Peer 1: 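Right, I'll just put the structure down here and ask away after.
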Amino acid sequence: MRWVLFTILYSLVAFYGFQAVKTVTKQKWLYFLYAAISIGAFFNFIYWFLQPATGHVLSGNRAYAFGVLLAVISLMLILVFFLLLEDGTRFVTKAISISRKKSSHLPSRRKFISQMALAVAALPFSSLLYGMYKGRYNYQVLTYEIEFDDLPEAFDNYQITQISDIHSGSLDNIEKINYVVDLINKQQSDAVFFTGDLVNNLADELEDWKHVFKNLKAKDGIFSVLGNHDYGDYVNWDSTKAKAENLTRLKAIQKEMGWELLLNEHRWIERAQEKIAIVGVENWGTGGFVKHGDADKASKGINPKDFKILLSHDPSYWQEKIKSDKQNYQLTLSGHTHGMQFGIEIPGWVKWSPVQYRYKNWAGIYQEMNRFINVNRGFGYLAYPGRVGIWPEITVIKLRRKKPDVA
């Protein structure tokens with residue numbers, strides 16, 4: 001029934017949007033082109049969606065079919081929006097004419113309105129296609145300096161790199177991934193932190209990529225935590241044993257790659273007899289996401305005065321607990337939101353994405369109660385196989401010890 005309703009609704013939107021094309025041109029080949037794109041995108045999506053797949057997360061050909069359909073629907077919806085506005089005006093004009101006993105003819109659609117509709121609709125359509133073709137691998141290195149009153153002196157100028165949300169089941173370009181791993185290494189950070197979602201569904205997705213991510217290097221190590229996708233919750237397992245074995249395999253692969261996975265635990269990094277704690281919690285998220293994270297357990301044995309970097313996949317845990325916790329977590333690193341892979345960012349001017357209505361902390365550095373969180377925009381992509389305006393990110397943060405004010 002859902003497929004029938006979707007087909008009917010899609011057909012109506014496509015047909016109504018076609019009226020804008022008819023108003024603008026009499027060229028029959030453009031009619032056929034519109035029909036071919038609309039019908040082709042629809043049936044391509046249906047075909048791939050009905051193919052057997054592991055897990056509920058869109059990836060591979062299913063994701064590309066969804067991406068193309070999304071671009072086509074965005075075009076048609078904007079055409080429909082303009083047409084509805086104009087048709088509403090036309091019918092009101094007709095009603096007024098009838099009430100005044102004047103002409104009862106319905107005014108014709110104006111060509112320039114349809115031209116405007118097509119011009120506006122072309123923007124999201126072309127942007128979504130570009131996001132699939134180029135945007136998904138348009139990596140950006142974002143650098144920050146953050147000052148702390150209580151940063152140990154030995155760690156002044158300590159540099160960290162954060163990556164998040166690799167989603168290896170979506171990746172498909174080995175040259176691009178080799179490039180970005182090399183780009184991360186070129187930052188020459190003291191430590192690298194990965195904040196969850198290494199896979200979409202299965203640990204097996206890492207098999208083709210583990211030799212690449214094994215090349216990540218940092219003097220003090222690569223530390224990681226689990227994200228909501230890493231637990232295998234989006235797969236219909238034959239047994240709880242199979243699901244547990246999948247998670248065990250994922251943990252083992254991280255060890256093979258030389259990453260240190262922190263499961264509600266911490267590690268110390270020492271320099272010149274001073275130290276900072278790296279605290280890693282499992283996923284904890286609002287809105288139905290799993291809540292395995294336990295910051296209290298992870299920081300057991302740490303003094304509130306010790307300097308801490310906390311890794312938490314979902315930034316909602318920072319709002320819920322971390323920012324006000326008496327343990328005093330000075331810096332939290334998160335991911336999860338992807339910046340919705342869609343938005344507008346012009347540094348110093350505009351920073352917007354629909355995901356900001358779901359997450360208060362969704363991209364970049366935030367400060368509250370003299371504590372900081374960075375939400376990484378993500379390394380990979382999920383469902384829609386692209387990015388528009390919110391590009392994949394490598395975060396480089398330099399920790400600085402705040403200098404005392406000189407009187």
Side-chain angles (χ1 to χ4, degrees), residues 1-25 28-88 90-91 106 109 113-114 117-118 120-129 131-133 167 169-170 200-202 228-229 232-238 287-289 338 340-342 354-355 357-358 381-386 388:
M1 180 57 68
R2 287 181 299 175
W3 284 112
V4 172
L5 291 174
F6 176 64
T7 301
I8 293 172
L9 183 60
Y10 182 88
S11 300
L12 290 173
V13 171
F15 178 76
Y16 192 38
F18 175 64
Q19 306 312 306
V21 180
K22 284 182 63 178
T23 303
V24 168
T25 181
K28 295 291 180 65
W29 70 270
L30 287 174
Y31 299 171
F32 287 117
L33 178 63
Y34 178 89
I37 291 173
S38 302
I39 296 170
F42 177 78
F43 281 104
N44 183 56
F45 174 73
I46 297 295
Y47 172 79
W48 286 111
F49 197 87
L50 294 178
Q51 299 304 306
T54 300
H56 307 305
V57 178
L58 293 177
S59 58
N61 289 323
R62 298 174 84 202
Y64 284 109
F66 169 72
V68 171
L69 185 69
L70 184 64
V72 172
I73 288 176
S74 72
L75 181 143
M76 294 191 305
L77 287 177
I78 290 177
L79 295 181
V80 166
F81 174 76
F82 275 87
L83 289 172
L84 284 174
L85 287 179
E86 184 180 25
D87 286 348
R90 292 167 66 214
F91 281 109
L106 185 66
R109 288 193 178 97
I113 296 293
S114 292
L118 285 165
V120 174
L123 291 176
F125 176 73
S126 57
S127 295
L128 286 166
L129 293 179
M132 295 168 60
Y133 177 61
H167 289 288
S170 298
N200 292 345
N201 295 298
L202 303 173
N228 55 293
H229 281 267
D233 289 339
Y234 306 108
V235 176
N236 295 322
W237 297 97
D238 294 331
F289 292 107
H338 298 208
M340 203 175 169
Q341 298 168 210
F342 175 84
V355 79
Y357 306 115
R358 171 67 175 82
Y381 45 90
L382 190 67
Y384 166 62
V388 179

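Along the sequence shown, residues are numbered consecutively beginning with 1. Here the structure is a predicted model, which means the values were calculated and not measured.
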Peer 1: When you measure from the side chain of Y31 to the backbone of V21, do you find a donor-acceptor pair of N or O atoms at a distance under 3.5 Å?
Peer 2: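 Side chain of Y31 to backbone of V21, a donor-acceptor pair under 3.5 Å: no, none is there.
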Peer 1: Output all residues satisfying side chain to side chain donor-acceptor pair (under 3.5 Å) with D233, sequence neighbours left out; order by chain, then residue number.
Peer 2: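 By the side chain to side chain donor-acceptor pair (under 3.5 Å) rule, D233 matches K243.
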Peer 1: Can any side-chain N or O of Y381 pair as donor or acceptor with the backbone N or O of S170 at less than 3.5 Å?
Peer 2: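 Yes: the side chain of Y381 pairs with the backbone of S170.
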Peer 1: Please table the atom pairs, donor to acceptor, closer than 3.5 Å between any side-chain atom in residues 33-49 and protein atoms at least two apart or in another chain.
Peer 2:
residue, atom, partner, partner atom, Å
Y34, OH, A14, O, 2.7
Y34, OH, F18, N, 3.4
S38, OG, Y34, O, 2.9
N44, OD1, W48, NE1, 3.2

Peer 1: I'd like to check the side chain to side chain donor-acceptor pair (under 3.5 Å) partners of S127; sequence neighbours left out, ordered by chain and number.
Peer 2: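 For S127 there are no side chain to side chain donor-acceptor pair (under 3.5 Å) partners, ignoring immediate neighbours.
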Peer 1: Could you tell me whether the side chain of Q341 and the main chain of Y384 form a donor-acceptor pair under 3.5 Å?
Peer 2: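 Checked: pair present.
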Peer 1: Within a strict 4.5 Å, meaning less than it, do heavy atoms of the N228 and Y234 side chains meet?
Peer 2: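 Contact flag for N228/Y234 side chains = yes.
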Peer 1: Is the shortest heavy-atom distance from the side chain of L118 to the side chain of F82 under 4.5 Å?
Peer 2: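 Contact flag for L118/F82 side chains = no.
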Peer 1: Return all side-chain donor-acceptor pairs below 3.5 angstrom for residues 64-81, not counting sequence neighbours, or 'none' if the list is empty.
Peer 2:
residue, atom, partner, partner atom, Å
Y64, OH, R136, NH1, 2.8
Y64, OH, R136, NH2, 3.3
Y64, OH, D172, OD2, 2.3
S74, OG, A71, O, 2.6

Peer 1: Just grab all the side-chain hydrogen bond (donor to acceptor under 3.5 Å, both in side chains) pairs involving residues 10-24, residues at least two apart or on different chains.
Peer 2: Y16-D87
Peer 1: What pairs with H229 under side chain to side chain donor-acceptor pair (under 3.5 Å), at least two apart in sequence or on another chain?
Peer 2: none
Peer 1: Does some side-chain heavy atom of H167 sit less than 4.5 Å from a side-chain heavy atom of H338?
Peer 2: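 Answer yes - side chains close enough.
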Peer 1: Looking at every non-hydrogen atom in both residues, tell me the closest pair between A121 and P124 and how far apart they are.
Peer 2: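 Heavy atoms of A121 and P124 come nearest at O-CD, 3.3 Å.
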Peer 1: Which residues pass the salt bridge (Lys or Arg N to Asp or Glu O under 4.0 Å) test with R62, sequence neighbours left out?
Peer 2: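 R62 satisfies salt bridge (Lys or Arg N to Asp or Glu O under 4.0 Å) with no residue once adjacent residues are dropped.
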Peer 1: Determine whether more than 12 heavy atoms belonging to other residues, nucleotides or ligands lie under 6.0 Å from atom CH2 of W3.
Peer 2: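 Enclosed: over 12 neighbouring heavy atoms sit under 6.0 Å from CH2 of W3.
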Peer 1: Residues two or more places apart in sequence or in another chain: which of them pass side chain to side chain contact (heavy atoms under 4.5 Å, CB included) with L5?
Peer 2: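 Partners of L5 by the side chain to side chain contact (heavy atoms under 4.5 Å, CB included) criterion, ordered by chain and then number, come out as M1.
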Peer 1: Determine whether L83 and S114 make a side-chain contact, defined as any pair of heavy atoms from C-beta on separated by less than 4.5 Å.
Peer 2: yes
Peer 1: Looking at every heavy atom in both N201 and V57, which two are closest together, and how far apart are they?
Peer 2: OD1-CG2, 3.5 Å
Peer 1: Who passes side chain to side chain donor-acceptor pair (under 3.5 Å) against N236, sequence neighbours left out?
Peer 2: H56
Peer 1: Should we say atom CZ of F6 is surrounded by more than 12 heavy atoms from elsewhere, each under 6.0 Å from it?
Peer 2: yes
Peer 1: For a quick test of reading the model, state the closest non-hydrogen atom pair linking G287 to R358 and the distance between them.
Peer 2: CA-NH2, 3.8 Å
